[in-house]
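Okay, structure first, notes after.
To find a chain, count down the sequence lines: A is the first, B the second, and so on, and within it residues start at 1. Heavy atoms only: backbone and side chains are in, while hydrogens, waters and symmetry mates are out.
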There are 2 protein chains.
Amino acid sequence: MGRPARLSREAIVAAARRILGTEGVGSLSMRRLAKDLDSTPMALYHHVKDKDELLLLLLEEHAAQFPRPDLPPEPRDQLITAAQLLHDILAECPWIVEVLASDDLMAVSALWIVENIIDGAVRCGMTPEQAVYAYRVIWYYTAGELMLRASRGKHYSRPDAGAHREKAFANLDPAQFPRLSALAGRWPTLTARDTHRSGLIAVIDGLLRQTVG
Amino acid sequence: MGRPARLSREAIVAAARRILGTEGVGSLSMRRLAKDLDSTPMALYHHVKDKDELLLLLLEEHAAQFPRPDLPPEPRDQLITAAQLLHDILAECPWIVEVLASDDLMAVSALWIVENIIDGAVRCGMTPEQAVYAYRVIWYYTAGELMLRASRGKHYSRPDAGAHREKAFANLDPAQFPRLSALAGRWPTLTARDTHRSGLIAVIDGLLRQTVG
DNA sequence: ACCTGAACACCGTTCAAGT
DNA sequence: ACCTGAACACCGTTCAAGT
């Protein structure tokens, strides 16, 4: 019957997800993964093309397992809810943004969301061209939020987190930077707030006004 | 008189900028930099704290040298022009976005732009809190656009660029994805368009409507 | 087909020693 | 103070060989 393969795509993806969950993306390397599987780095390359493919497999798995709620029928609500959902799915694997960036299309298991964003936009009165434009603006906002959220998470445990910022604020000339000086004390609190949804609504309504009045 | 230091911050930054300009961020490593300076990697650490500090020095230099045009007096125009300027300054060094992300404040030589964004927002009628919120939404949009632009640049020369996307579109079920199927052929053209400014205006007007009606 | 070992061509950074 | 050499603890990936 031919000896069974020791490794498999599934086993590799499962081990990778375990590392991701317990130690973060920073710890996920082909070598570390091989060690966890009692194998060698090169054995992995028989099952996945390269590290990017492995990361995409992880996203596919994550997105496929994510619940698919019914979307509201009203087109603007559908647009907002779908865009929010796109953010929420990726918020749990923000490391994927860099991989997705190389091609500007979502992973296939998250494509239904893109379809719903475009559909909502068209049903709001946009042309298909305008709907793609709106999707891109929403995607830039979402990707930026995810990237900055991820690197905040990466550095928040450092003892000197925000040291550079505090020093910059302390050296601020109030005559030259009146607005920033006045805000200095409240800046950390204000920037720590989660304003994603509210910002998303502003972005979408701005796009709707610009295109369909 | 004590022998002069062979290396200096300035010489290191200059060599780094040369590598950045001719070969891109991917080629900028402390070891490569040392080689270009006929020195050793560790000699560099006597003049800069670490690689992140070096990258910030490069941004400071770039932003300081950038022209500082007068901004339009009308607050909404000031807001739009300042936000556009923020994008244009960073568009020439998009690799900095990751470094800036760790602290959520701009490099000091670009702070005058942040001041003007906040000022424009306040003069449009926003409270300082709302102005910081607006700045953050604008920054997310800008950072996302820059990041995706950068990785498009990184991969556009590959022979298989867009291969994954094309295959994904080809396998699309028109019944399940009517909007995307209809757009498939035009997707590459539509997503290649530079819509930054138009999107920025939509974002800003959306924010203004949401906060000051 | 699947896996191993060794190698290639790199990283950022620390440590101990030199002048 | 400034610099060097060697080392630490890693990377992703290719190549040639084994079963």
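At the phosphate of D:dC11, OP1 or OP2 sits under 4.0 Å from a side-chain N or O atom of A:Ser29. Phosphate proximity of C:dC3 to A:Ser39: absent, as no side-chain N or O sits under 4.0 Å from OP1 or OP2. Taking side-chain N and O atoms only, B:His47 has a distance below 4.0 Å to OP1 or OP2 of D:dC3.
When rounded to the nearest whole Å, the span between CZ of B:Arg9 and P of D:dA1 equals 16 Å. Distance CG (B:Leu7) to P (C:dT19): 20 Å, rounded to an integer number of Å. Atom NZ in B:Lys35 sits roughly 7 Å away from atom P in C:dC11 (whole-Å rounding). Going from atom CE of A:Met30 over to atom P of D:dT14 covers 11 Å, rounded to whole Å. A:Met42 has its CE atom 14 Å from the C1' atom of D:dC11, to the nearest Å. Atom CZ in B:Arg32 sits roughly 12 Å away from atom P in C:dG12 (whole-Å rounding). Here the P atom of nucleotide C:dC11 and the CG atom of B:Asp50 are 17 Å apart, to the nearest Å. Atom pair A:Arg31:CZ and C:dA7:P shows a separation of 13 Å (rounding to whole Å applied).
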Does the salt bridge (charged side-chain N to carboxylate O under 4.0 Å, His left out) test come out yes or no for B:Arg18 and B:Glu23, once each step is laid out?
CA-CA 8 Å; B:Arg18 208 164 45 232; B:Glu23 277 149 287; over 6 Å; no

A:His196 vs A:Tyr141, side-chain contact (heavy atoms from CB on, under 4.5 Å): CA-CA, chis, key distance, verdict
CA-CA 9 Å; A:His196 170 262; A:Tyr141 170 66; 3.8 Å; yes

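For A:His46 against C:dC3, a side-chain-to-base donor-acceptor contact under 3.5 Å is present.
With salt bridges taken as basic N to acidic carboxylate O contacts below 4.0 Å, one links B:Glu53 and B:Arg9.
For the atom pair CD1 of A:Ile12 and CG of A:Leu58, the computed distance is 11.0 Å after rounding to the nearest 0.5 Å. Distance check, rounded to the nearest 0.5 Å: CG of A:Leu180 to OH of B:Tyr135 gives 8.5 Å. Rounded to the nearest 0.5 angstrom, B:Leu146 CG and A:Met147 CE are separated by 8.0 Å.
Listed candidates were D:dT13, D:dT4, C:dT4. Nearest to the side chain of A:Lys51 is D:dT13.
Side-chain atoms of A:Glu60 and A:Ser109 include a donor-acceptor pair closer than 3.5 Å.
One C1' atom belongs to D:dC2, the other to C:dA17, and the distance between them is 13 Å to the nearest Å. Using atom P as the reference point in both D:dA9 and C:dC8, the two lie 23 Å apart (nearest Å).
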Which dot-bracket notation, 5' to 3', represents the base pairing of DNA chain C when pairs are defined as Watson-Crick or G-U with both distances under 3.5 Å, crossing pairs as [ ], and inter-strand pairs as |?
||.|||||...|||||.||

